[in-house]
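Accompanying notes for the structure given below.
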Protein chains: 2
Amino acid sequence: MVRNKNDQQPEGNPNQKGSLNREAIAAQALHLADTEGIDAVSFRRLAQEFEVTAMAIYRYVDNKDDLLDAMTESMLASFDVSAQQETDWRDQVRGLIYALRQLLLTHPSGRSLLSRRALPSTNRLRIFEASLGILRDAGFEPQEAFLIFEHILNQVVSLVVTGDGYVKGAEEERRLWGAKLLAFYGSLPKQEYPRLVETAPNIAASVDMDHHFKFGADLLMAGVEAFAASKPPRKL
Amino acid sequence: MVRNKNDQQPEGNPNQKGSLNREAIAAQALHLADTEGIDAVSFRRLAQEFEVTAMAIYRYVDNKDDLLDAMTESMLASFDVSAQQETDWRDQVRGLIYALRQLLLTHPSGRSLLSRRALPSTNRLRIFEASLGILRDAGFEPQEAFLIFEHILNQVVSLVVTGDGYVKGAEEERRLWGAKLLAFYGSLPKQEYPRLVETAPNIAASVDMDHHFKFGADLLMAGVEAFAASKPPRKL
DNA sequence: ACCTGAACACCGTTCAAGT
DNA sequence: ACCTGAACACCGTTCAAGT
């Protein structure tokens with residue numbers, strides 16, 4: 001290992017000129033997706049970032065699908081599964097939920113990446129296995145455990161931010177969208193849409209808000225626990 | 001009304017040559033998305049379908065975003081809100097869940113269309129209002145009602161089919177994907193991924209299966225009811 | 001009012017060629 | 001082994017022009 005990881009990176013970009021490889025490409029693509037949106041990720045744009053031709057990237061990545069796979073792996077490398085070490089399964093599940101939330105806050109492109117139909121690679125398998133383990137040890141059958149895991153994944157993703165296309169650090173954009181939602185729902189005709197007018201502030205607040213997430217996580221846990229309670233008592 | 005709706009439609013396409021308008025464009029685009037995938041929807045392709053230039057479509061549709069809005073409206077026109085007429089709120093919510101499922105089975109592109117960040121048009125407002133009404137009348141506060149509605153929407157969408165990119169009538173494709181999932185998860189190293197190997201059949205079965213949906217819908221309802229029960233008793 | 005043609009700035013991907 | 005250049009078949013969108 002002669003090369004130092006930190007030699008001349010222009011303004012914090014994770015690319016080192018001249019060192020083209022799969023990991024670096026995936027990391028750069030992920031960074032691009034998180035800061036400029038998933039649509040900004042293209043072979044031509046990526047090539048430009050590495051000061052190379054678009055075709056050069058095909059040496060390390062089969063096609064666009066494979067690139068998205070690599071990005072997903074790169075993202076999930078930082079996923080924290082330490083929640084496994086809790087003693088109560090409820091705390092383990094809660095830990096998973098909040099770890100996933102943290103991941104999605106750090107990587108807004110996570111929503112797009114995680115909802116692709118693709119065979120998982122090692123990092124994703126690791127998380128999947130750990131999650132199923134927690135739920136199986138809690139007393140759920142395999143099918144139940146799988147379904148509950150899916151349930152949680154989808155719900156957390158939708159709770160962290162409603163709608164696609166958000167980008168890292170776009171606080172201003174979110175605020176504006178929230179204001180737009182409030183104005184829109186708040187000014188609907190009250191006779192035709194009484195419930196929507198009434199709920200306008202809550203809809204607008206859903207744009208971000210920690211309270212919104214906590215509320216949703218509680219609802220989610222209530223469902224899982226209720227399901228557990230409705231089963232013949234084994235452990236719970 | 002001189003023109004008959006049914007004069008010479010080539011092989012069941014909902015376009016009548018020479019009658020370009022917003023509704024017809026939206027319907028055709030939706031049909032295209034449902035049968036060939038959302039990516040098949042382009043101005044050039046759509047224009048070809050109507051035997052016209054791509055630019056002609058811009059007379060009726062502002063841009064691609066507006067086109068997707070119009071498609072969403074076209075899709076939601078067929079949404080059945082008759083579940084409102086049930087007497088028990090649990091049946092009302094169940095009715096909504098199954099109506100949404102029916103919509104998504106008919107329109108596989110629904111997943112993509114419904115998860116866009118956009119201001120809703122009349123059909124979507126109608127459904128939103130009706131759903132909030134059901135939940136408010138059941139005794140939930142505005143914020144709770146909104147969150148539960150979101151919860152249900154996301155969960156049903158993810159239950160009808162896991163992963164994006166499916167298309168109408170692609171039963172064969174789904175079957176193949178299920179087989180691929182089974183082979184993949186079933187042949188993972190047992191020592192490293194015991195839970196995944198064990199759960200492989202359930203993961204594969206999630207590709208479709210009515211049982212899978214019923215199971216998920218029950219879990220969903222269990223959560224909503226548990227949340228209702230945890231509140232100070234007003235109606236429930 | 002409604003449609004066309006040409007153009008601009010993009011895509012993913014293939015293939016033959018360079019070093 | 002690794003990268004380039006040119007090409008193909010696509011995109012959304014703008015603008016000036018036709019009838």
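Model, not experiment: these values are computed from the prediction. Note: hydrogens, waters and symmetry copies are ignored here, and every other heavy atom, side chains too, is used.
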Inset, instruction - Give one of base, sugar-phosphate or nothing for B:Val61, where a contact means two heavy atoms less than 4.0 Å apart. - result: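 Counting heavy atoms under 4.0 Å across all strands, no contact is made by B:Val61.
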Report the distance from atom [atom1] of [X] to atom [atom2] of [N], rounded to the nearest whole Å.
{"X": "A:Leu67", "N": "C:dG12", "atom1": "CG", "atom2": "P", "value": "9 Å"}
{"X": "B:Ile25", "N": "C:dC3", "atom1": "CD1", "atom2": "P", "value": "9 Å"}
{"X": "B:Lys64", "N": "C:dC11", "atom1": "NZ", "atom2": "C1'", "value": "12 Å"}
{"X": "B:Arg45", "N": "D:dG12", "atom1": "CZ", "atom2": "P", "value": "12 Å"}
{"X": "A:Asp62", "N": "C:dT14", "atom1": "CG", "atom2": "C1'", "value": "14 Å"}
{"X": "B:Arg44", "N": "D:dC8", "atom1": "CZ", "atom2": "P", "value": "17 Å"}
{"X": "A:Phe50", "N": "D:dC3", "atom1": "CZ", "atom2": "C1'", "value": "15 Å"}
{"X": "A:Tyr60", "N": "D:dC3", "atom1": "OH", "atom2": "C1'", "value": "9 Å"}

[X] has a side chain; which of [options] sits nearest to it?
{"X": "A:Phe43", "options": "C:dG12, D:dT13, C:dC3", "answer": "C:dG12"}
{"X": "A:Leu20", "options": "D:dT4, D:dG12, D:dC3", "answer": "D:dC3"}
{"X": "A:Arg59", "options": "C:dC11, D:dC3, D:dG12", "answer": "D:dC3"}

Inset, instruction - Would you please indicate yes or no on a ring centroid separation below 6.0 angstrom for B:Tyr193 and A:Phe128? - result: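 A:Phe128 vs B:Tyr193: aromatic centres not under 6.0 Å.
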Legend entry - Aromatic ring proximity B:Phe213/B:Tyr98, centre distance under 6.0 Å: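 Yes: the rings meet the under 6.0 Å criterion.
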Inset, instruction - Please measure how far the C1' atom in C:dA16 lies from the corresponding atom in D:dC3, and state the result in whole Å. - result: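 Taking atom C1' in both C:dA16 and D:dC3, they lie 13 Å apart.
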Legend entry - Short side-chain N/O contact to C:dG12 OP1/OP2 from A:Tyr58, under 4.0 Å: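 Answer no for this pair, as no side-chain N or O of A:Tyr58 is under 4.0 Å from OP1 or OP2.
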Inset, instruction - Ignoring backbone atoms, test whether A:Thr53 places a side-chain nitrogen or oxygen under 4.0 Å from the OP1 or OP2 oxygen of D:dC3. - result: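 Checking D:dC3 against A:Thr53, no side-chain N or O comes under 4.0 Å of OP1 or OP2.
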Legend entry - Side-chain H-bond candidate by donor/acceptor type, A:Glu150 with B:Ser206, under 3.5 Å: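 No.
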Inset, instruction - Indicate whether any N or O donor in one side chain lies under 3.5 Å from an N or O acceptor in the other, for A:Thr199 and B:Gln143. - result: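 No, because no side-chain N or O of A:Thr199 sits under 3.5 Å from a partner of the opposite role on B:Gln143.
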Legend entry - Under 3.5 Å on both distances, the Watson-Crick or G-U partner of C:dT13: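 C:dT13 is paired with D:dA7.
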Inset, instruction - Specify the closest pair of heavy atoms between A:His212 and B:Phe146, including all atoms of both residues, with the distance to one decimal. - result: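 Looking at all heavy atoms of both residues, the closest pair is NE2-CE2, 4.0 Å.
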